[in-house]
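Please read all numbers here as calculations on a predicted model, not as lab measurements. Just so it is clear, the values below take in all heavy atoms, side chains as well, and ignore hydrogens, waters and symmetry mates.
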Amino acid sequence: MALNSGDLGPPAGHPDSGLSYVPLGWLLFIMAWSVYGLSWAWWLVGNTGLPDAVFYFFVAGLIVDVVTILWGLYLLGMALGRSARFPRHFIVWQTATIVWLLARQAYVLAVPDFVFSARSLGMTAIEIGIGLLCIYLLRRGSGAEAVYARPGTEAPRTFVSVMAALLGIVLGAIVGAVAGFLAGSLIVEVAEISCFEGGCGYFAALIGLVGLVVGAIAGGIIAVWLVHRRRRERVA
């Protein structure tokens, strides 16, 4: 009985123990962190007291967060669509991310307006280390292409995945923010949190912000998953 090459698992000598999915989890984490960073963008609005070097640094970070989310949605669509191209595209994204991390750290160390922080340097080193590990796990010849590819399925167009994800993010953020704010208001009532200097309002707003971040992430992921699920059902 002849076997179709598409029915084979990872190449012999490259058994997969689930580590090939670590980069996907790392991608989701970085996207979530970027959404969290954007949620604090209001802090820069009307803030004229910052030095130009610091202000432009934060603006550049927000731009990178937006690019990271959009690029991440593209990669997420490829992964959920079981595309064998995902490992190669992920490596390109991760390499660009590492370059940004190195450039950001060099800028912080070179500009006198910033204070040296061993914690920040350590976090950057950890991010780069995990990124290099993900690149190694998806390297050519690791068998990752066979892990992500699924023969006989047809992934929807990338544009469709991205648009669905953006819609899911917006709707999820709205629902999450409203639900979070209501939950925060309920906690304030039950726990009898003091409203001295607006403490109860800040607490409810904080819970609403957490709900916004969680809702945006969940909405984007669910939207992309639904699009790919419907396409696979049609092909089947």
Side-chain angles (χ1 to χ4, degrees), residues 18 21-50 54-55 57-77 79-80 97 104 117 119-120 122-124 126-127 130 156 160-230 233:
Y21 293 105
V22 170
L24 180 58
W26 177 242
L27 171 65
L28 293 174
F29 174 79
I30 294 299
M31 290 175 63
W33 192 253
S34 297
V35 172
Y36 176 77
L38 288 178
S39 68
W40 290 97
W42 59 269
W43 178 74
L44 293 176
V45 178
N47 196 329
T48 58
L50 292 175
V54 177
F55 178 79
F57 171 81
F58 284 115
V59 171
L62 294 176
I63 294 174
V64 170
D65 285 338
V66 172
V67 173
T68 298
I69 294 171
L70 295 178
W71 199 347
L73 290 172
Y74 172 74
L75 293 173
L76 184 61
L80 294 179
T97 301
R104 184 185 67 182
S117 171
R119 178 176 177 273
S120 176
M123 292 298 295
T124 300
I126 292 174
E127 288 185 59
I130 296 176
V160 176
S161 297
V162 172
M163 292 305 297
L166 290 176
L167 181 60
I169 286 176
V170 173
L171 294 178
I174 294 174
V175 173
V178 173
F181 184 79
L182 292 176
S185 300
L186 182 60
I187 294 174
V188 167
E189 293 280 343
V190 174
E192 298 182 352
I193 297 177
S194 173
C195 289
F196 179 72
E197 294 186 351
C200 57
Y202 284 122
F203 179 82
L206 176 62
I207 301 300
L209 181 61
V210 173
L212 182 148
V213 174
V214 174
I217 296 170
I221 294 175
I222 292 174
V224 173
W225 177 74
L226 289 175
V227 168
H228 283 266
R229 180 186 178 188
R230 291 184 62 183
E233 287 176 351

Assess the pair Tyr74 and Trp71: is the distance between their ring centroids shorter than 6.0 Å?
no
Rounded to the nearest 0.5 Å, how far apart are CG of Leu70 and CD1 of Ile169?
8.0 Å
Out of curiosity, Arg104 CZ to Thr124 OG1, how far, rounded to the nearest 0.5 Å?
4.5 Å
Using 0.5 Å steps for rounding, measure from the CD atom of Glu127 to the CD1 atom of Ile30.
5.5 Å
Leu24 side chain reached by Leu75 side chain, heavy atoms, under 4.5 Å:
no
With Ser34 as partner, the option from Asp65, Val64, Leu62 fulfilling side-chain contact (heavy atoms from CB on, under 4.5 Å) is Asp65
